[in-house]
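Here's the structure we're looking at; comments come further down.
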Protein chains: 2
Amino acid sequence: MVLDCLSDPIRLAIVYQLAQQEHVSNELCCGDFYSLAGKSNLAYHFAKLRECGLMLTRVAGTNRFMRLRREDLDARFPGLLDAVIKSASKDAERLLLSTESDVIEAG
Amino acid sequence: MVLDCLSDPIRLAIVYQLAQQEHVSNELCCGDFYSLAGKSNLAYHFAKLRECGLMLTRVAGTNRFMRLRREDLDARFPGLLDAVIKSASKDAERLLLSTESDVIEAG
DNA sequence: CCAATAGTTCAATAACCGTTGAACATAGGA
DNA sequence: TCCTATGTTCAACGGTTATTGAACTATTGG
């Protein structure tokens with residue numbers, strides 16, 4: 001289920017990161033997500049995301065380029081992806097603000 | 001997280017059932033969900049749904065009436081609830097069709 | 001007051017899921 | 001060819017979470 005897939009914070013972050021780059025290159029490779037988790041853990045999450053139809057992978061040399069399956073998703077679950085991404089961006093803002101204030105408190 | 005809460009099939013069914021009755025009574029009580037799970041299991045899921053702000057409970061005698069927190073949800077996660085419910089209704093249709101064909105196959 | 005109804009809480013079990021490291025496969029560059 | 005970089009697969013561990021039944025609370029009706 002797509003919701004189950006998006007309920008994991010790492011997978012949500014992957015989708016969010018992909019969505020943010022949609023107007024730039026549409027694609028990111030595994031290494032672009034090292035800040036989120038280790039390689040094998042990322043591969044696990046990529047598989048989950050592929051399974052439920054959220055993204056697909058293009059192999060190019062030693063790299064795998066991932067991109068969102070936006071058209072299919074918008075067709076099958078109208079508005080869901082945008083709603084999720086919008087919520088995630090709010091969370092990202094809140095997270096950014098809270099870590100900033102943490103730094104201030106810690107300093 | 002709201003998504004995590006909605007990723008459970010029983011909780012999604014509860015939310016979906018509540019949403020379908022929204023234009024009728026807005027409220028359902030625990031007993032209306034016995035087809036989904038046992039009482040104690042339902043109480044567990046109700047607590048989860050309350051925790052993440054998806055619904056709230058009104059006590060009236062021995063009954064607890066639940067309703068969706070639609071206004072708050074639409075404000076915090078615009079479009080999410082409707083998108084989820086729309087997807088769930090598609091799933092419900094598919095499920096209905098597949099069980100019908102199961103009956104035909106079984107007959 | 002007693003019995004029944006409606007639902008919660010608690011403890012225990014089982015299943016699932018995320019995380020990790022090691023081994024593996026594959027492609028590209030020296 | 002050998003070495004390195006990029007990812008995947010596998011097995012194992014640990015933690016979370018769903019499920020269940022029993023005990024409990026509280027309210028209604030006889």
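In what follows, chains are A, B, ... by sequence order, proteins preceding strands, each numbered from 1. These numbers come from a predicted model, not from an experiment.
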Using modelled atom types only, decide if a donor and an acceptor are shared between the side chain of B:Gln17 and the backbone of B:Asp32 within a distance under 3.5 Å. yes

How would nucleotides 9-17 of chain C be written as a contact map, 5' to 3', with B for base contact, S for sugar-phosphate-only contact and - for no contact, using protein heavy atoms under 4.0 Å? B-------S

Please confirm whether the shortest side-chain N or O distance from B:His45 to OP1 or OP2 of D:dT19 is below 4.0 Å.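 Checking B:His45 against D:dT19: at least one side-chain N or O falls below 4.0 Å of OP1 or OP2.
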
Do the side-chain N or O atoms of B:Tyr34 get closer than 4.0 angstrom to the phosphate oxygens (OP1, OP2) of C:dG7?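 Yes, such a contact exists.
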
Kindly indicate whether the side chain of A:Arg69, heavy atoms from C-beta on, has any atom under 4.5 Å from the side chain of A:Leu54.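 No; the side chains remain at least 4.5 Å from each other.
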
Heavy-atom side-chain contact between A:Phe77 and B:Lys90 under 4.5 Å: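 A side-chain contact is absent here, since even the closest heavy-atom pair is not under 4.5 Å.
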
Whether B:Asp4 and B:Arg11 form a salt bridge (side-chain N of Lys/Arg under 4.0 Å from carboxylate O of Asp/Glu) is what I want to check.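 Judged by the 4.0 Å cut-off on N to carboxylate O distance, B:Arg11 and B:Asp4 do not form a salt bridge.
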
Identify, residue by residue, the members of residues 54-67 of chain B with a heavy atom below 4.0 Å from DNA chain C, and return them in order of residue number, or none. B:Thr62, B:Asn63, B:Arg64

Please name the pair of heavy atoms, one in A:Ile10 and one in A:Ala37, separated by the smallest distance, quoted to 0.1 Å. CD1-CB, 3.8 Å

Roughly how many Å is it from [atom1] in [X] to [atom2] in [N], rounded to a whole number?
X       : N      : atom1 : atom2 : answer
B:Asp32 : C:dA6  : CG    : P     : 11 Å
B:Glu27 : C:dG7  : CD    : C1'   : 16 Å
B:Leu42 : C:dA6  : CG    : P     : 14 Å
A:Phe33 : C:dT19 : CZ    : P     : 15 Å

Can you check side-chain contact (heavy atoms from CB on, under 4.5 Å) on B:Leu28 and B:Phe65, steps first, answer last? CA-CA 5 Å; B:Leu28 289 175; B:Phe65 290 100; over 6 Å; no

Pairs involving residues 50-60 of chain A, ordered by first then second residue, that meet side-chain hydrogen bond (donor to acceptor under 3.5 Å, both in side chains) (sequence neighbours left out): A:Glu27-A:Arg58, A:Arg50-A:Thr57

Quick one: do B:Arg70 and B:Leu81 satisfy side-chain contact (heavy atoms from CB on, under 4.5 Å)? Show the steps, please. CA-CA 8 Å; B:Arg70 172 165 286 280; B:Leu81 192 57; 3.9 Å; yes

Sorted by position of nearest nucleotide on DNA chain C, 5' first, the leading residue of A:Ser7 and B:Phe46 is B:Phe46

